[in-house]
Every structure is written in structure tokens, then in C-alpha cells.
Amino acid sequence: MITVNEKEKVFHLNNGRISYLFYVMESGQLGHLYFGKVLNPGGSYLHMVEKAHRPMTTYINEGDLYTSYEHLRQEYPCYGTSDYRYPALEIQGGDGSRICRIEYQGYEIIKGKKPLSGLPATYTEEEDEAATLEIRMKDAWRNLEVILSYSIFRDVDAIARSVKFVNNGKEDLMINRAMSMSVDMPDADYQSLQLSGAWARERAVKVRDLEPGFTGVSSMRGNSSHQHNPFLALKRKNTTESSGEAYGFSLVYSGNFLAQAEVDNYQVLRVMLGINPFGFSWNLEPGETFVTPEAVMVYSDEGLNGMSIQFHRLYRKRLARGFWRDKERPVLINNWEATQFDYVEEDLLKFAGKAKECGIELFVLDDGWFGERNDDKRGLGDWKANREKLPGGIEGLSEKIEALGMKFGLWFEPEMVNKDSDFFRQHPDYIIQTPGRSVSHGRNQFVLDFSRKEVVDAVYEQMYELLSKAKISYIKWDMNRSISECYSSAYPAKRQGEIFHRYILGVYALHERLIKEFPELLIESCSSGGGRFDAGMLYYAPQGWVSDDSDAVERLKIQYGTSFVYPLSCMGAHVSACPNEQVGRRTPIETRGNVAYTGAFGYELDLNKLNNEEIEVVKEQVEFYRKNRKFIAAGDFYRLLSPFEGNFAAWEIAEPDGSRALVTVTRILSEINGAYRRLPLRGLLKNRKYHIQSKYISYDAYGDELMQFGLMLEDKSSGQVIDGSGGCQDFLSLIYEISAK
């Protein structure tokens, strides 16, 4: 999958569907040639290099009026040598100079893919699944080695990139900017697509035209954030969900990030992704190394949905890992929206007993079970059961839950502490705080300094004590505030720019220790819902709580946006109480279930408060999901109608072999005397006959009809309702089951 033209020094990554090409310039820097649909591996491509004399330009060599880094497409640009665009790399030496020039030294081709020490990353299980190209570069003046890593996958149209820095010199070097990837595209005729929002309305789809200047998203909060996801896509203006070119750039990282597209005044586009340089620096001592997080680049000529399917296939099988990667996820019920802090053991057992009657498999005890935790002002950090609520502790409750025939799960927020807690009173210096400054709080809590190993150890010991003694099959790992006043008393002044990154490394390290000790533990990542829903966490937690907003209508948008990068198998999606806690909306329980099916399914309500008819619906929902959950998790997901663009939302899950599909159609507000509607489907076999079944219709059709003419929607609002048969109401959702005959 990797060929090298030794004479021209051109490197070609090629899996038969996509190509990525770059070359070594005469100056020793790397130049970018091409990224897109596959090109012939035997071709000669140096003619793609474009040079011209341009006024007001700084040139590399005296007498040469054509070679300027400012006007050459580069692969990993440095600061300070004739390129005035933003660089991928900025290094500062002891003399204060920030000028850097890395030159080509050699390469190595490796079968498979190496892990990244201390960092999440995609992986292979067999050598022939991927090939990796390592390019060795060097700044001779600083004696700094820079190793650029490129991995191309056999079965997925993706390239994974990271960078390793080795200080082989005799003085400290300060890394001020180290992006995980940079690519210079030959034109800027694209629109950018980002996933942005806020708490309870995460990952809304935002599209804009690129113009000269900067377009991008970032986080400076210490977590990837509710506000912006560490992802950026580019699409041609005529690209749709099903056709046209699309590029996706995703960072496998959970901290501060920058995703940026820069258009210069000659319509050349530079895309960068990596750790946010703001507030970041890394003091690299002689003999030390630093590795950037991994960036994943995807290309598709089958539209945005084609791009998404490539991300889904890679992240579902070669980023998520461990015991639960391929296993069917249990149907769970969480007590938070039903009880919040106000419960005793008897309430919980009654709550769980009703869930068991409905076929639910996992009971999750949320916040409030520990210390003096009767509200959000106290108790965080004291991970021992409140015996007034739970006389037998977590051990006793978990045994009683298992005796019911269910598994038991538990909520933690291990990165945080309340000042009103024994843990804080014993270790007041364990929080992140700047000397001489006031300390901001969020939700009455403070951030533990996970850049320090002794802090991580102290939390691990408490969690290990519980997990090793109680019957805990699942933990919900919450994180309910971002970092402010970022400073660590454990590090000298020159290392304070490292704390944000070291914090995330500490979070990863704690996950890794728990997974190693308890390999069958299912971890669900949560951070006030979607505040750290990113590819980095997926490496440790195979599912995440998509959003604290559990309203089905709002979830149409949230889950739709999330699907641009992340597979259904990692999306925690639950049926919540009515009226909904967040927005007060009254939504049919059938609709709540239909939306939640497209994820790791569960409930956020007290089943004892439902009437008999609703309980029967719950039983049917659980049975339906359990029958289909393997298919839902592993199928190809197609976005059909966007809730951001109209009154209808629709999506489809199809078997990769085209043998079956599930289509979910939701009409948000009812209509009067509406139009007939048809919905073109995807992923079917055109010459195969299918049976279509829903609540209201049943008929047969060939795949070509369903994909061209479309699925005929039985919408009771199409015409005047005269028979009183229902189906004409707000927030109506239907599922169509489509199976090959």
C-alpha cells in the first residue's frame, strides 16, 4: 500500500481506492502533491508541483525567484523560513530563536501500525490491515529529530497521522506548536462543516463557504467541549449526503484542540489539526521525546455519508477495543432523572424490580450514593457508600440487583472534588489552582490535578477498592466542568504550558489501569452529556452519553450531527420521562423509543409511574432492540432527511450486504392536508425484492424502486383525516422494517 519513487523521492500511499502523495523538495522539506481518489501507482507526479514568481515574496535561495515556502504546498511546514502562513511546528531554543527548518533524512515502511505510548490511537490486529510510512526529518541546528508517521488502512479509506519529536541535542527545547497533521490542498473551492453547539444541544451541523482567511473550531477548556467537536470536514459546494467529494479530519484526543482551514490569497487551502497551541508548550529536555495525538483523515467521493461510513467502520472496529467492542450492549435503566439525589435502597430495589419485569438487563445507580452526597455541594471525592441510604453499601446493593437477574452499574466523577469532602480536607493541594489567585468553581466542584501521578493513584485506590469487592459490571464516568486557573504546584514555571496535556494523559492513564485490572468492565464516558464526546475517549469507553438532553425531538439533531463521525455503537441513547426534564415536551413513548434505538439503548425514567399500556410498549421496545441490537450497532448508517433543514427527520441502517434495513422517519410537527411523500433509500441491492413492513403499511418492492422512486411513506396528514384512525399528531415516528425476500 506504500510505494516510493526513489529517483524522484515521491511517496505514494494507495489502498486501491484513495491515494496520498508527497515528495522531498530540493531544499529537504516535504512538499504535498495530492490527496483524493486513487491514482495509478506507476505514475510520475512531480509535474503537480506549481511554482511562479510572485511579487513581495521571500525566496529560499539567493538568485532563485521561484522557490518560496509561502507559495509551495507543504506537508509539515515550520515557522520562520519564507512561509507566512500558520505553521505546523514552532520550536524555541535556549537562544530565544523560534526559527526551525527540518530536512529529510530517510524513511522506513512498517507492516501494520505502531501504538502511541500513553495516547489513544487506531490499531491493527493483523499486519496486512495497514501499512505505515515513517519519514525521518531533522533540524540540524537544534539536533532535533522529527518523525512523521502515516498509516494507510487496507479496508477503510483513511490515513492516520502523528508526529514524534526527539531531542538529540544538549540543550532544552521548547515546543510551542506541534500539530498532528497539516495538508496543503491545491484549491479552496470548498465548504467547511463543523459540529458545534452548547450543553444539551451538542454537535449541530454548521456549514460555511471558505474565504481567504481562517475558518476553524477549537477548545481551550481542558476538554474537547460541548461547544465544538475535534472534527472538521470539507465538501465541494455540490456535494450531498450521497454524492460528491468530501474530506473528514478527526482528532483522537480529548483535550484542548485546534481544527483550522486557512485560505491564502492565491486560493491554496491549508488544513491543520492538533493540540491547541494557545496555552500549550512542552519543555523537551535532551534525550526526551514528545508524541502528538493521532489525526485521522478520510476521503470519499460518495458524499458526506460516504465519509461518515468510513469513520464508523474504522472507529467501531479499530479504535474502540477490548471485551465490549463487538459484544451486544445491555439494555440499561438509570435512576437519575427519576430520583436525582433523593432515594434509599428500598426505592432502588423497587425501581430495578420493575425494570427486570420489562426485560431490562442493567441497573445503573447514578449520583448521590457516596459520602454526604445529598446535593451537588458536597461529597465528591469520597467514593465510599452512604450507609444511611445503602445500609449494605455498594457490595450489598449490587448483590441484591444481581439476585434479581440484572447486572449492576455505578456512577463516578473521579476527576472532581467538592471542598466539603473528606478527600479535599485531607488533600487541599490536590486541585488545579494558581497560587495567589482565586479558584473558580463549576457545579460547586473543583478539578483534581490529574497531571500528578499521586493524585491519579489516590483516586484509583478508591475506585479499585469498590470495583474489586462489589459486583459492578458498568461504570458511568462523568465530568461536569472544564478547567480554569490551569496551574500545577508539582511542576516548575517552564513546564506550566504542559499541564492541560498532562491532565488528559492522567485521565487516559487511569482508564488504562482500570481496563487492565477489570477487562470486562463496560465504561460509558459522560461529561455533562457531550462535553468530552470524542474519538480519544472511544478508545477507553466503547460508548458515551451523547447529551444530557434526552428529549427525543432534540435528540434527532444531536444524534444526526454526532453520526458524521461516530458510529451508533458508541452513542448512549435513552427513553426519558414525559414531560421531558430538559425542555418539558410531551412526546409519545413510541417516538422516544424509535429515536433511542439508534444507539446504545436504555431508559431514564421510573417505570413504576407508567400505566399498563405504557409498560406493554416498554416491553415491546426492549424486545425489539434486543432482537436488532447487533444489526443496529454494526450496520451502515445513512442520513436521509436532516432535522436541521425541515419538518421531517429520517435515517436508515442497512446491512453491508444489502439484505435488510431499518428506516426511522419522524415528523416533528403535524400537518394538515399535506403532500404525498416518498423517501429514496440507500444501501440496498437494486435487483433484489424486499418486503416493507411498518405500523400502517405492508408491501413488496425491488431495491431499485426503493432507491430511485423511494419508500412510500404512510403519512396520515397527507389529505384530510376522516376516519379518526390517528397518526395525525406532533412528534410522530415510524419504523419501517425492510427485508430481502
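Heavy-atom basis, side chains included; hydrogens, waters and symmetry copies ignored.
A distance of 5.0 Å separates OG in S218 from CG in N276, rounded to the nearest 0.5 Å. Note that CZ of F500 and CG of L505 are 13.5 Å apart. Values are rounded to the nearest 0.5 Å. Taking CD of Q496 as the start and OG of S451 as the end, the distance is 8.0 Å to the nearest 0.5 Å. A distance of 9.0 Å separates CG of L467 from OH of Y460, quoted to the nearest 0.5 Å. One finds the CZ atom of F644 at 7.5 Å from the NZ atom of K206 (value rounded to the nearest 0.5 Å). A distance of 10.0 Å separates CZ of R201 from NZ of K557, quoted to the nearest 0.5 Å.
Taking 4.5 Å as the limit, every side-chain heavy atom of W411 sits out of range of all side-chain heavy atoms of N334. Counting heavy atoms from C-beta outward, C578 and I589 have side chains that stay 4.5 Å or more apart. Side-chain atoms of R495 and R502, non-hydrogen and from C-beta on, do get closer than 4.5 Å to each other. Side-chain contact between K377 and D420 is absent, with no heavy atoms from C-beta onward closer than 4.5 Å. Within the 4.5 Å cutoff, the side chain of F423 has no heavy atoms near those of the L380 side chain. With contacts defined as side-chain heavy-atom distances shorter than 4.5 Å, the pair Q340/E581 qualifies. In this structure, the side chains of V252 and V296 come closer than 4.5 Å at one or more pairs of heavy atoms. Within the 4.5 Å cutoff, the side chain of K400 has no heavy atoms near those of the F408 side chain.
Electrostatic pairing of E294 and R318 does not count as a salt bridge here, judged by no charged N lying under 4.0 Å from a carboxylate O. Residues D551 and R592 are not paired through a salt bridge, judged by the lack of any N-O separation under 4.0 Å between the basic side chain and the carboxylate. Contact check on R329 versus E524 returns no salt bridge, with no Lys/Arg side-chain nitrogen under 4.0 Å from an Asp/Glu carboxylate oxygen. Ion pair R373/D367 flagged as a salt bridge, since at least one NZ, NE, NH1 or NH2 atom sits closer than 4.0 Å to an Asp/Glu carboxylate oxygen. Comment: K389 does not engage E345 in a salt bridge, judged by the lack of any side-chain N to carboxylate O separation of less than 4.0 angstrom. Ionic pairing of R452 and D429 is present here: one or more N-O contacts between side-chain nitrogen and carboxylate oxygen are shorter than 4.0 angstrom. Contact check on D326 versus K317 returns a salt bridge, with a Lys/Arg side-chain nitrogen under 4.0 Å from an Asp/Glu carboxylate oxygen. Using a 4.0 Å cut-off between charged side-chain N and carboxylate O, K350 and D347 make no salt bridge. Looking at D376 and R481, no side-chain N of the basic residue comes within less than 4.0 Å of a carboxylate O on the acidic one, giving no salt bridge.
Remark: K469 pairs with E465 by the salt bridge (Lys or Arg N to Asp or Glu O under 4.0 Å) rule, at least two apart or across chains. With sequence neighbours left out, the salt bridge (Lys or Arg N to Asp or Glu O under 4.0 Å) criterion links K494 to D172.
Classified by interplanar angle (parallel below 30°, tilted 30° to 60°, perpendicular above 60°), the ring pair W282/F280 is parallel. Using a 30° and 60° split on the angle between ring planes, Y430 and H427 fall in the parallel class, below 30°. Relative orientation of the H511 and Y540 rings is tilted, given thresholds of 30° and 60° on the angle between their planes. Between H441 and F446, the ring planes are tilted. Angles from 30° to 60° get that label.
Remark: E372 CD is loosely packed, at most 12 non-hydrogen atoms of other residues, nucleotides or ligands lying under 6.0 Å away. Counting non-hydrogen atoms of neighbouring residues, nucleotides and ligands closer than 6.0 angstrom, the CD atom of E388 reaches no more than 12 such neighbours. Crowding of E346 atom CD: a count of heavy atoms from other residues, nucleotides or ligands under 6.0 Å not exceeding 12.
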R555 vs E604, salt bridge (charged side-chain N to carboxylate O under 4.0 Å, His left out): CA-CA, chis, key distance, verdict: CA-CA 14 Å; R555 275 297 188 106; E604 298 269 341; over 6 Å; no
Test log, rule side chain to side chain contact (heavy atoms under 4.5 Å, CB included), inputs M416 and D478: CA-CA 9 Å; M416 304 292 160; D478 214 341; over 6 Å; no
Residue pair Q543, L522: steps toward the side chain to side chain contact (heavy atoms under 4.5 Å, CB included) verdict: CA-CA 9 Å; Q543 64 191 55; L522 175 58; 4.1 Å; yes
Side chain to side chain contact (heavy atoms under 4.5 Å, CB included) evaluation trace for W369 with W383: CA-CA 9 Å; W369 58 267; W383 302 111; 3.7 Å; yes
Check against side chain to side chain contact (heavy atoms under 4.5 Å, CB included), K407 and E402: CA-CA 6 Å; K407 295 297 184 181; E402 289 226 336; 3.5 Å; yes
Test log, rule side chain to side chain donor-acceptor pair (under 3.5 Å), inputs S440 and E485: CA-CA 7 Å; S440 304; E485 294 87 35; 2.7 Å; yes
Steps toward side chain to side chain donor-acceptor pair (under 3.5 Å) verdict (S254, R532): CA-CA 6 Å; S254 309; R532 203 162 61 190; 5.3 Å; no
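Checking Q582 against S550 by side-chain atom types alone, a donor-acceptor pair falls below 3.5 Å. Under the 3.5 Å distance criterion, with hydrogens and angles disregarded, a donor-acceptor pair is assigned to the side chains of N480 and E413. Using modelled atom types, one finds a donor on one side chain and an acceptor on the other under 3.5 Å when comparing N608 with D606. Looking at N176 and S281, their side chains never bring a donor and an acceptor atom within 3.5 Å of each other. Using modelled atom types, one finds no donor on one side chain facing an acceptor on the other under 3.5 Å when comparing Y253 with T292.
For the pair R321 and Y123, the cation does not sit on the ring face, since its NZ or CZ is not both under 6.0 Å from the ring centre and inside 45° of the axis.
Aromatic ring centres of F533 and Y566 lie closer together than 6.0 Å. Taking the ring centroids of Y343 and W336, they lie at or beyond the 6.0 Å cut-off.
Of all heavy-atom pairs spanning V439 and I431, the tightest one is CG1-CD1, 4.3 Å. The two residues A338 and F351 have their closest heavy-atom pair at CB-CE1, 3.5 Å. Nearest heavy atoms, A352 versus M406: O-SD, 3.4 Å. Across every non-hydrogen atom of S224 and F257, the tightest pair is O-CE2, 3.3 Å. When all heavy atoms of I394 and A385 are compared, the pair lying nearest together is N-CB, 3.9 Å. For the pair I558 and R203, the tightest heavy-atom approach, listed with the atom from each and the gap, is CG2-NH2, 4.1 Å.
Between the N418 side chain and the N444 main chain, a donor and an acceptor come within less than 3.5 Å of each other.
Tested against H501, the residues Y508, Y491, F290, F450 include a single ring pair (Phe, Tyr, Trp, His ring centres under 6.0 Å) partner, F290.
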Show me the donor-acceptor pairs within less than 3.5 Å that the side chains of residues 513-520 make with the rest of the protein, sequence neighbours left out.
| from | atom 1 | to | atom 2 | distance (Å) |
| --- | --- | --- | --- | --- |
| R513 | NH1 | D457 | OD1 | 2.6 |

